[in-house]
Amino acid sequence: MLDSARDVMEGSAMLIQEAKQALIAPGDTESQQRLAQVAKAVSHSLNNCVNCLPGQKDVDVALKSIGEASKKLLVDSLPPSTKPFQEAQSELNQAAADLNQSAGEVVHATRGQSGELAAASGKFSDDFDEFLDAGIEMAGQAQTKEDQMQVIGNLKNISMASSKLLLAAKSLSVDPGAPNAKNLLAAAARAVTESINQLIMLCTQQAPGQKECDNALRELETVKGMLENPNEPVSDLSYFDCIESVMENSKVLGESMAGISQNAKTGDLPAFGECVGIASKALCGLTEAAAQAAYLVGISDPNSQAGHQGLVDPIQFARANQAIQMACQNLVDPGSSPSQVLSAATIVAKHTSALCNACRIASSKTANPVAKRHFVQSAKEVANSTANLVKTIKALDGDFSEDNRNKCRIATTPLIEAVENLTAFASNPEFASIPAQISSEGSQAQEPILVSAKTMLESSSYLIRTARSLAINPKDPPTWSVLAGHSHTVSDSIKSLITSIRDKAPGQRECDYSIDGINRCIRDIEQASLAAVSQSLATRDDISVEALQEQLTSVVQEIGHLIDPIATAARGEAAQLGHKVTQLASYFEPLILAAVGVASKMLDHQQQMTVLDQTKTLAESALQMLYAAKEGGGNPKAQHTHDAITEAAQLMKEAVDDIMVTLNEAASEVGLVGGMVDAIAEAMSKLDEGTPPEPKGTFVDYQTTVVKYSKAIAVTAQEMMTKSVTNPEELGGLASQMTTDYGHLALQGQMAAATAEPEEIGFQIRTRVQDLGHGCIFLVQKAGALQVCPTDSYTKRELIECAHSVTEKVSLVLSALQAGNKGTQACITAATAVSGIIADLDTTIMFATAGTLNAENGETFADHRENILKTAKALVEDTKLLVSGAASTPDKLAQAAQSSAATITQLAEVVKLGAASLGSNDPETQVVLINAIKDVAKALSDLIGATKGAASKPADDPSMYQLKGAAKVMVTNVTSLLKTVKAVEDEATRGTRALEATIEYIKQELTVFQSKDIPEKTSSPEESIRMTKGITMATAKAVAAGNSCRQEDVIATANLSRKAVSDMLIACKQASFYPDVSEEVRTRALRYGTECTLGYLDLLEHVLVILQKPTPELKHQLAAFSKRVAGAVTELIQAAEAMKGTEWVDPEDPTVIAETELLGAAASIEAAAKKLEQLKPRAKPKQADETLDFEEQILEAAKSIAAATSALVKSASAAQRELVAQGKVGSIPANAADDGQWSQGLISAARMVAAATSSLCEAANASVQGHASEEKLISSAKQVAASTAQLLVACKVKADQDSEAMKRLQAAGNAVKRASDNLVRAAQKAAFGKADDDDVVVKTKFVGGIAQIIAAQEEMLKKERELEEARKKLAQIRQQQYKFLPTELREDEG
């Protein structure tokens, strides 16, 4: 035992080593072969180890003994018997009885101690030897060679069956819990009995009746084992099939028992034997059905677990392996005859075919790709080696030479090896069957069935023994009395068996329990409904409404999933019925709790009652389903119950659907967060995708964007915390923003993880981004829940906790990114800090411009100068460290970035204090100083970005050149700041210094403009044009400053120039990348943007020259410089026009607004006309045809008015364009007030036409539908005519009366007037005709006259009030217009 165990350990170590080698070189055939050999050796060692266990060796000895004894059968002929026939027959019967009993003892011994199996197998081996000798003796009695071969063939079968029995006993004793092993052992014992019976039948045909009795007794002895603890299925019968089988077999048994008695009396022994055989089969059938029914009863208990069939049958593979090995031994045995060779070949072919078939089935069933491939490959190996062996067998059959026999021996080796490998693989526990685990309650339920079946078998055995003696001596009255007693016992036990099976039908008891449970739940929901009606339903404060909704939805879904399985079980799967109904009933208590909880949280009483009523309906439909299921009971033949089951299932599904609709509506009120949750979950799932898309940037690029989105999520989470208390209704928008940000974050996080080094950092980033996703999902869900129930304090608390969790998870993501590159992460943090400083400085500039930046404590600038200079120098040192840090370690880079961010913060503060100390009476100088520090901050931001991009890059990388450029700009801007600080108190030079700083700033902005970078967002060409106005104003200011040479003017020019040029460059670049702008136009716009800036720079530099040397000649040249700028601005505007194509307009031009309104009016009229097209007069039975005609007239007239007004407005648009083209209305008018007023008149007229037509359509629709009076229709039509007249007047004011457009406009106006007049006449005629009508129409139109008078008076008062408001509004508009008139006009008017 120890030696074998040592072999196993050594072999296992080698196996692990070889497996490691095979993994290193997956394609190496040699290493694969070595691995297979070592695995085989380990398997062999394990078998040796198992064989050392107590009892195993004795079984092997017994198997060897049977094999040796069976060699006696491998002879061509047997010597004739020396004993009389009766003696040989008697010995054979005795030996058969002994062998059958030994087989039973072997089966029994497997459940006991190992010593018992050793003794039983030894006795079985001895009894087999005696039986074999008796069988050979009996074969010698045969008269013909053919009869003798039949006896030998039967003896061989018994030998094979005996070996299989011992193999099954051996495997069961090693592993008593092995799946299906017990059934296999019982089957093997039965095979021994059957093969003995066949031999006895063959040898003892001369003694009718006796052999049948002996055969029956042996069969009954064998099937008795089925009733011992049935925890595995013995057949495929359903429970109700078992009942039917018992009924049929009991009927057959009753008839055969009567036949046994009758034929024993008459002495008809052949008929007697036949009846005994029939009775034996019926009893075996009864036992099988009882065992299967007991198994089904056991597993149907809710506490039991059903077993399941394995992928393969390991015993089948082991048997085939043994049979093939024995056959191969016979093939290569020199003493084998040709008939034995052919017999062995047949056995090999039969078993290898069965193995290949089993492999095919197993490969089709398994979902494991490795196992699938292995089964297919093994089957191929077995099939190929069998084919090779068959070829050598054919050659051997033709010529029994030593050479052919040797070839045959060589061919058997690969077959035996392939079969052994396959058997070892098939014995993997993964493929084995799993026996059922029957609970103690299940075992108790089985007991009555098993007791009845055992009593039946016992009394049947006594009955057959008694009948056997009566067949020999029918004139023995006491024996007849005994037979009658046994017959009565058998009959009673069968009745008891049928009653027990019927009473223990699976699922019935569980159905009763479940019905009681659901009835209790219905009573609870009724109590809650009564409390809700009386407004006394207590609110649950221990849980949030969202959690309750989730619970309720989950429980209802689970109930919905169980409906079909219960219906299926009730129609034909009795064993599953108990499990399913118990599972269903278990959901109803949580259902009631959740439903009452949700209802208690609802503010709307109607919603409360809906939820409670629908829950009650679901419970009642489930109750009906259980009654139907109990009636069906899982009996496929109880067709009369199936319709009721289907109907109950349908009702229950409808109840589930109803409550789910209500819950989904409640969920939609949550702010539709379901879609957001799905979007976040989808983004998270993409993080797990094995191969991310090819990265287009470096880790630093992705790190930057991940930081941006992470911080945005953290900010949103903080806002959600605030809004949860103040404005819960705004949470939906914030949740949506968070979802969008997380989508971007997940995508960038995946790329950051893919580019991070080492891989562990990437894994950490991916994991933490996913964790953040979970946090976002919870937060979004809580936001949705709080929107439904804004007063729920529990949900508020949960939302705040979730928001804190999201913030924490954001910090974890940032720390993971920092681990990826500490230096660049510090750069990102520093850049964020600097951008905050720039924003703060912008705010300070606004205060300074407004004149509200005041000094504190009467300080002067001198108090701050030194501090500013000292801090600026410190910043220069930090800048040097930052630039050198790009090429050094991440720690040094991080330190430099943090230091520079701290220094710029300090510098900004001291400069702001210095600017404040200058006093608010000099805002322009304050702005100059703050602009100087803002330039430094922007340069530092760019430098940090360049440092981040150049980190860890080689010296010749393009990013290094960018870094050097950024460093140069930084130094320039710090120098400029120092100069500005020194000059700020010098009134003679500070304007000059401000202008120098502005020129440097504009040059830097121009460099950014000329870069290839695409702007993050685009703006319209109109925006670009609007920004050129600033350049025009700044140019005028610069020329004025050049002429005056006053420092104050120069400072103001410098400050204005900065903003004007910066805004123009940004707008120009953004507009040039506007959608649908061609490459040519883009290039043109960018070129003129550059030219405009260069021209303006030249102008400022010339002003600088004038300031240093003011001469009339130089001042005279200012006009030329300003003309160059103006020319560039004109070209830039034309380029912007080209961006919009020929349809370019100035959005502020009143005439453009007029045209836009005209086209808008036309569109709304056409939409109204389409609406009219779809209208048809409603059908009114008993109504006169004339009225129907009138309604048709209304629609036709309204349609024609709509068409005519559409044409009119389009004509007005064309006329207005013509006016612009003729120059009567300027596209950019010189006098905005004049043309503007005309355009406003045109706009209001167009709007009135559209509004009047829309009102007309509505009135026509209402009139046709019978909801409005003809008076309203007439009023609407007249309004169309009046507004049309106003539009015509507005257009004629400046138009050429003879132009083509005016003629079309006049024609269109006339068409509208005609159509309106027609409609008015038709309506008036109808109204006049109706005055005499009496019938239903009068009742409909004129009942309620007082109400109409009140409505009319109300309308009149409303109109009067509106008229007064309109007058006031007109007065206000005129006052406002007066304010905007040029000064000259005002003076003239004055």
Side-chain angles (χ1 to χ4, degrees), residues 1-8 43-74 95-96 98-136 155-176 178 181 184-189 191-193 195-196 314-315 317-330 332-333 335 416 420 423-424 427:
M1 170 69 97
L2 292 172
D3 288 343
S4 299
R6 191 178 295 110
D7 290 346
V8 171
S43 179
H44 186 67
S45 302
L46 279 168
N47 283 336
N48 288 343
C49 200
V50 169
N51 288 337
C52 293
L53 292 170
Q56 295 295 302
K57 213 151 205 170
D58 300 280
V59 177
D60 285 341
V61 168
L63 278 166
K64 202 168 188 180
S65 170
I66 290 170
E68 287 297 323
S70 300
K71 286 184 179 176
K72 296 175 187 175
L73 303 172
L74 299 174
D98 291 343
L99 183 61
N100 196 60
Q101 189 178 350
S102 295
E105 288 172 6
V106 167
V107 171
H108 185 72
T110 54
R111 302 191 197 104
Q113 301 295 322
S114 54
E116 291 178 33
L117 180 60
S121 57
K123 182 174 181 298
F124 182 82
S125 171
D126 295 342
D127 288 341
F128 177 81
D129 282 351
E130 287 181 18
F131 176 77
L132 195 65
D133 290 340
I136 291 170
L155 286 169
K156 284 180 179 176
N157 287 343
I158 294 166
S159 169
M160 181 70 76
S162 300
S163 298
K164 286 178 180 177
L165 173 67
L166 288 177
L167 274 173
K170 182 181 175 184
S171 67
L172 183 65
S173 68
V174 171
D175 185 7
L184 291 167
L185 180 63
V192 170
T193 304
S195 54
I196 291 171
I315 303 296
F317 280 72
R319 282 183 195 153
N321 183 16
Q322 186 200 4
I324 289 167
Q325 286 191 3
M326 285 178 69
C328 287
Q329 281 176 4
N330 291 342
V332 300
D333 189 351
I416 290 168
E420 278 185 348
T423 306
S427 62

Mind checking whether Ser125 and Val61 have side chains closer than 4.5 Å, heavy atoms only? no
Shortest non-hydrogen contact from Leu185 toward Ala169: CD1-N, 3.5 Å
Roughly how far apart are Ser162 OG and Asn157 CG, rounded to 0.5 Å? 10.5 Å
How long is the straight-line distance from CD of Glu68 back to NZ of Lys64, given to the nearest 0.5 Å? 7.0 Å
Close side-chain approach of Leu155 and Ser159, heavy atoms under 4.5 Å: no
Scanning both residues in full, the closest heavy-atom pair of Val59 with Leu166 reads CG1-O, 3.6 Å
Between CG of Leu132 and CG of Asp127, what distance do you get to the nearest 0.5 Å? 12.5 Å
Under a 4.5 Å cut-off applied to non-hydrogen side-chain atoms, are Met160 and Lys164 in contact? yes
NZ-CG distance between Lys170 and Leu117, expressed to the nearest 0.5 angstrom: 10.5 Å
When rounded to the nearest 0.5 Å, the distance separating CG of Leu165 from CZ of Phe124 is 5.0 Å
Testing the basics here: between Phe317 and Thr423, what is the closest heavy-atom pair and its distance to 0.1 Å? O-OG1, 3.7 Å
Measuring from atom OG of Ser65 to atom CZ of Phe128, what distance do you get when rounded to the nearest 0.5 angstrom? 8.5 Å
Within-4.5 Å side-chain heavy-atom neighbours: Asn321 and Gln325: yes
Please report the shortest heavy-atom distance between Lys123 and Ser102, naming the atom on each side. NZ-OG, 3.1 Å
Can you name the side chain to side chain donor-acceptor pair (under 3.5 Å) partners of Asp7, sequence neighbours left out? none
Over all heavy atoms of both residues, which pair between Val106 and Ala120 is shortest? Give the atoms and the distance, please. CG2-O, 3.7 Å
